[in-house]
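Start at 1 and go down the list; that is how both ligands and their atoms are numbered. All values below were derived from every heavy atom in this structure, side-chain atoms included, with hydrogens, water molecules and symmetry-related copies excluded.
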Amino acid sequence: MNAQLKAPTTEQDIKNIVDNQRQYFRTKSTLPVSFRLEQLKKLAALIKHHEDDLYEAIDKDFGKSKHHTQMTEILPLYHELREAIKHLEKWIKPRKVATNLLNQPGRSFIVPEPLGVTLVIGAWNFPYNLSLIPVVGSMMAGNTTILKPSELPIETSKIMAKLINENFDPRYLRVVEGAIPETTALLNQRYDKIFFTGSPQVGRIVNEAAAPHLTNVTLELGGKNPAIFTQDASLDVGVKRLIWSKFVNSGQLCLAPDYVLVHKSIKQKVLDKMVHEIKKHNYSVENKNFVRIIDKRNFDRVAALIDPSKVFYGGGTDREERVIQPTILHNVTLDDAVMQDEIFGPIIAVLEYDTLDEAFDIVQQQEKPLAAYLFSNDREIKNRFLSEIPFGSGAINDAVMQTSNSNLPFGGVGNSGMGSYHGKYSFECFSHFKSILEKSTFIESNLKYYGHSDKQIKWIRALG
Ligand code: NAD
């Protein structure tokens, strides 16, 4: 127990935390699988024991209901912990691979090893999920970890700091709370891995801080995620899934569809069905099925994207309560404010297209998105979508749900990020894979020695 742990206040305090973790890592205490499992089980038990405190904290920050938090944060976290505890002994084993003839007699294998001291920086929109799931990855890979949760949901940051700092050895796992000054001080230190979730703008700052030490970096960023509806799409189920995935967490979700490209022949039908679905949900903060915008700065940013002349549905805002009604903008063009940056709020922009080429072209004019969604039943269009459009992850005839399958790596590409995690991919994300060739000393050919004749090269090529 470290109940008296003092919050770091100076650059030197932060340096001490990192130095202590490095020394501890060198003791090799984090290496045995028994240690890793024990720590993962301890984290799972701690969360279980304090689940109600976690619900209370997030409700204070966002007005987020228990069910909403269970579905989007706590259950995915338990799932990751269960997978880690169940499979770690298998994942940690050296992986055998074939050995080419040139290296016979011998055997080849890949040994996973921890990277060392890691820094995990979380985002605010799913504070438990986006902070603790990477931490599980770091723990199972055998690293020590410093977690810096987002400072915006202050109650969730406080509860994570309290639970972890009172129950774990700070040389192994430590939460450092704070905003830009504290994150900057953390980034001034040297790590073996930085895992960052947040905006592409801050992702660049993180990457620059990592560069002098060539620190391994994973960046989980955002972008403008398209959803394309083709003429033959199953509209009832498609729009139902689209609306849920757009307005869950009030659109404050990195994977949420940002804009919808609809074939002009079905545009009116899609718009009408969208309104129907929104009304069916009866979204409201009082019903606890619609969360507040995290702060006034984000409220102002999102509200400014609503062009009254383009509102098809919604558009209402309440700054005091930090609530923006679910809003559909139509007749949107690429020049509109709503198409300049990621929306990250409860607005959906609808653009129409005539030909599929035109729709694909619009997507490719933007940076590579974190996710893309296609609503279609046409095999050829599905194949084109998969082969022609680059994006981090996606779904066909659904949205967002790809993240709930931990067999699928979760991550972006280009401006939406680098690297991926979840399940086994989290273990890989926080590990290095050492490639080993072990040779027998029994025999040795002279092929590579003493000059290179045409005959030797011919043999080397043949045995490749
Ligand atoms: P953000 O980039 O503002 O903040 C993320 C973290 O960086 C926070 O912990 C914050 O304290 C820190 N930070 C902020 N400014 C900093 C600076 N100047 N120097 C150093 N550290 C700084 O992002 P956000 O507002 O928390 O989240 C919104 C963005 O995150 C969106 O772009 C969204 O798409 C993206 N996101 C991505 C994922 C994903 O998994 N790919 C998940 C959630 C959010």
Just which atoms of ligand 1 are under 4.0 Å from any heavy atom in [X]?
X      : answer
Glu342 : 31 (C), 32 (O), 33 (C), 34 (O)
Leu370 : 41 (N)
Thr197 : 5 (C), 37 (C), 38 (C), 39 (C), 40 (O), 42 (C), 43 (C)
Glu220 : 37 (C), 38 (C), 39 (C), 40 (O), 41 (N)

Inset, instruction - Would you tell me whether Lys193 and Asn216 have side-chain atoms, one donor and one acceptor, within less than 3.5 Å of each other? - result: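 Note: Lys193 and Asn216 side chains meet the donor-acceptor criterion.
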[atom]: nearest protein contact (heavy atom, Å):
atom                    : answer
atom 23 (O) of ligand 1 : Ser199 N, 3.4 Å
atom 7 (O) of ligand 1  : Phe196 CE1, 3.3 Å
atom 27 (O) of ligand 1 : Trp124 NE1, 3.7 Å
atom 30 (O) of ligand 1 : Gly198 C, 2.9 Å
atom 21 (N) of ligand 1 : Thr183 CG2, 3.2 Å
atom 44 (C) of ligand 1 : Asn125 OD1, 3.6 Å
atom 13 (N) of ligand 1 : Val202 CG1, 3.7 Å
atom 28 (C) of ligand 1 : Phe344 CE2, 3.7 Å

Inset, instruction - Decide whether a cation-pi geometry holds between Lys64 and Phe62; the criteria are a distance under 6.0 Å from NZ or CZ to the six-membered ring centre and an angle within 45° of the ring axis. - result: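 Yes - Lys64 lies over the ring of Phe62, closer than 6.0 Å to its centre and within 45° of its axis.
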Do the ring planes of [X] and [Y] sit parallel (below 30°), tilted (30 to 60°) or perpendicular (above 60°)?
X      : Y      : answer
Tyr172 : Phe168 : tilted
His422 : Phe410 : parallel
Trp124 : Phe344 : perpendicular

4.0 Å heavy-atom contact, [X] with ligand 1:
X      : value
Gly122 : yes
Phe410 : yes
Ser150 : yes

Inset, instruction - Return yes or no for this condition: an N or O of Glu151 is under 3.5 Å from an N or O of ligand 1. - result: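 Yes; the residue has a nitrogen or oxygen that sits under 3.5 Å from a nitrogen or oxygen of the ligand.
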Legend entry - Lys148, any N or O under 3.5 Å of ligand 1 N or O: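 Looking only at distances, the answer is yes, because the N/O contact criterion of under 3.5 Å is met.
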Inset, instruction - Run the numbers on Glu113 and Lys434 for salt bridge (Lys or Arg N to Asp or Glu O under 4.0 Å), then give the verdict. - result: CA-CA 7 Å; Glu113 69 175 10; Lys434 263 193 307 215; 2.6 Å; yes
Inset, instruction - Determine the sole option in Leu54, Leu43, Ile47 for which the side chain to side chain contact (heavy atoms under 4.5 Å, CB included) test with Leu163 is passed. - result: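 Checked Leu54, Leu43, Ile47 against Leu163; only one passes side chain to side chain contact (heavy atoms under 4.5 Å, CB included): Leu54.
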Below 4.0 Å, non-hydrogen atoms only: which portion of [X] touches ligand 1? Side chain, backbone, both or neither.
X      : result
Asn298 : neither
Leu221 : backbone
Val206 : neither
Ile205 : side chain

Inset, instruction - Check for a donor-acceptor pair, side chain of Ser245 on one end and backbone N or O of Leu242 on the other, with a separation under 3.5 Å. - result: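 Yes; judged by distance alone, with no hydrogens or angles, the pair exists.
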Inset, instruction - Check for a donor-acceptor pair, side chain of Gln364 on one end and backbone N or O of Glu388 on the other, with a separation under 3.5 Å. - result: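 It does hold such a pair.
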Legend entry - Output field: ring centroids Phe229/His263 closer than 6.0 Å: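 Judged by ring-centre distance (under 6.0 Å), Phe229 and His263 do not meet the cut-off.
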Legend entry - Aromatic ring proximity, centroids under 6.0 angstrom, Phe391 and Phe385: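 Between Phe385 and Phe391, the centre distance is under 6.0 Å.
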Legend entry - Taking every non-hydrogen atom, the tightest pair across Met140 and Trp91: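 The answer is SD-CZ3, 3.6 Å.
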Inset, instruction - Determine if the distance from atom 34 (O) of ligand 1 to the closest protein heavy atom is below 4.0 Å. - result: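 Yes, there is one.
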Inset, instruction - List the steps and the verdict of salt bridge (Lys or Arg N to Asp or Glu O under 4.0 Å) for Arg322 and Asp300. - result: CA-CA 9 Å; Arg322 304 195 321 269; Asp300 292 340; over 6 Å; no
